[in-house]
2 protein chains.
Amino acid sequence: MKLSEGVEQAIHSVAMLAGLTRGGVLAAAALAEFHGVSPSYLLKHLQALSGAGILETVPGPKGGYRLAKTAEKITLLDVVLAVEGSEPAFRCAEIRQRGPNPVPEKPVRPCEINAAMLRAERAYRAELSRVTIAEILGEVAAHDTSGAVAARGCAFLELHERRSI
Amino acid sequence: MKLSEGVEQAIHSVAMLAGLTRGGVLAAAALAEFHGVSPSYLLKHLQALSGAGILETVPGPKGGYRLAKTAEKITLLDVVLAVEGSEPAFRCAEIRQRGPNPVPEKPVRPCEINAAMLRAERAYRAELSRVTIAEILGEVAAHDTSGAVAARGCAFLELHERRSI
DNA sequence: GATTTTGTACTCGGATAGGAAGTGTCCGAGTACACATGG
DNA sequence: CCATGTGTACTCGGACACTTCCTATCCGAGTACAAAATC
């Protein structure tokens with residue numbers, strides 16, 4: 001029951017990419033530098049996000065990443081599943097069927113324990129799917145009265161954003 | 001985002017221990033044999049459950065494990081936390097404070113992303129804490145019209161349970 | 001025969017190897033710009 | 001002066017080592033019974 005470190009990097013990266021203007025892209029190296037993490041490792045997760053249809057890539061010089069859809073349509077669940085994989089956390093190995101006394105019935109009812117665990121995970125995912133990247137940014141802006149955090153991000157984007165036009 | 005294999009073993013073991021009569025104990029070797037898993041590995045998790053106050057141990061020959069409290073007071077969350085540890089799955093490394101442009105404010109507000117992830121995890125845990133071992137057993141018994149599953153467990157307990165009296 | 005002593009077998013407990021997955025890194029394929037060259 | 005060809009520099013993409021944690025295992029501490037020795 002632990003999420004990989006890359007999830008946090010991925011979410012922060014998506015949040016930052018949501019701040020650039022339409023048509024602009026940001027190189028993975030810039031994202032890694034801003035967050036102070038390994039560029040190669042971040043790249044790995046950005047590729048996963050790209051494969052999941054959350055990010056778009058622009059190859060070549062002046063290339064980089066941008067959101068593939070609006071921040072309102074990207075939920076935390078999308079990002080988490082893209083990075084961590086979509087398999088449920090609790091994998092019922094049906095150990096009832098092992099051992100010397102296996103459950104005889106072929107059309108075996110799903111294990112009640114498994115059902116309960118999956119219910120809990122559905123609740124977890126539902127909670128995550130309820131939060132969009134746009135809402136996160138809105139929350140941050142609402143509490144950032146001094147504007148320091150926003151200014152920091154904007155300054156960095158001004159410096160590193162690449163507009164194709 | 002994946003739970004260890006031992007969680008399932010632990011829950012099944014607790015469920016089985018809930019079936020023995022008051023004062024009776026069951027050896028770890030019997031539990032392992034019934035579930036068809038490695039005795040030494042199961043022992044590891046049973047120790048964790050014992051340390052968490054979920055199970056009681058009786059040393060020596062005729063020894064074994066029993067529940068430390070009634071099945072109504074043991075939730076799935078208790079077992080999961082005992083085996084997996086109680087640290088939250090999402091550990092916010094505060095990567096905002098890394099990199100060349102760290103967040104300046106010292107009393108830094110908790111990261112909104114972290115807050116959202118922890119909210120989701122609270123929902124997950126709340127769902128797990130809502131289900132007790134007793135309820136699981138009740139569900140199984142309710143759907144086990146033929147009584148085959150119950151008979152299997154009872155037969156095994158009759159054979160391996162040890163009463164101290 | 002009853003009691004004490006000793007031994008053994010069985011239990012849990014913690015410390016110890018092996019393997020899979022996450023973490024971190026590297027080099028290759030592809031593209032756009034810049035420059036040099038020829039018309 | 002303009003168009004074209006070439007070279008270079010920069011990007012993402014996938015394949016390759018290293019570390020950490022999960023998986024699996026072994027041996028030691030402690031206890032209850034059983035048997036043997038003694039009173």
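None of the values given here were measured: they were computed from a predicted structure. Proteins come first, then strands; the chains are lettered A, B, ... in the order of their sequence lines, and each starts at number 1.
- Electrostatic pairing of A:E121 and A:R125 counts as a salt bridge here, judged by a charged N lying under 4.0 Å from a carboxylate O.
- Checking B:E56 against B:S50 by side-chain atom types alone, no donor-acceptor pair falls below 3.5 Å.
- Atoms CG (B:L49) and P (C:dG13) sit 11 Å apart, rounded to a whole Å.
- Considering CG of A:L17 and CG of A:L67, their distance stands at 5.5 Å, rounded to 0.5 Å.
- The aromatic rings of A:F34 and A:F156 are tilted relative to each other, their planes meeting at an angle between 30° and 60°.
- Between A:M16 and A:L26, some side-chain heavy-atom pair lies under the 4.5 Å cut-off.
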Where protein sits on nucleotides 14-22 of chain D, one letter per nucleotide: B base, S sugar-phosphate only, - none, heavy atoms under 4.0 Å
B--------

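- When each of B:E84, B:H45, B:Q9 is tested with B:S4 by the rule side-chain hydrogen bond (donor to acceptor under 3.5 Å, both in side chains), just one qualifies, namely B:E84.
- Distances shorter than 4.0 Å separate some side-chain N or O of B:S38 from OP1 or OP2 on D:dT25.
- Nucleotide D:dC12 holds its P atom 11 Å from the CG atom of A:L55, rounded to whole Å.
- The NE2 atom of A:H45 sits 6 Å away from the P atom of C:dT23 (whole-angstrom rounding).
- Between the C1' atom of C:dG24 and the CD atom of A:Q9 lies a distance of 11 Å, rounded to the nearest Å.
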Every protein N/O lying under 3.5 Å from an N/O of nucleotides 8-11 of chain C:
residue : atom : partner : partner atom : Å
C:dT11  : OP1  : B:R162  : NH2          : 2.8
C:dT11  : O4'  : B:G60   : O            : 3.0

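- OP1 or OP2 of C:dC12 has not a single side-chain nitrogen or oxygen of B:S50 nearer than 4.0 Å.
- Here the side chains of A:T132 and A:I136 are not in contact, with every heavy-atom distance at 4.5 Å or above.
- Heavy atoms of other residues, nucleotides or ligands lying less than 6.0 angstrom from NZ of A:K73 number 12 at most.
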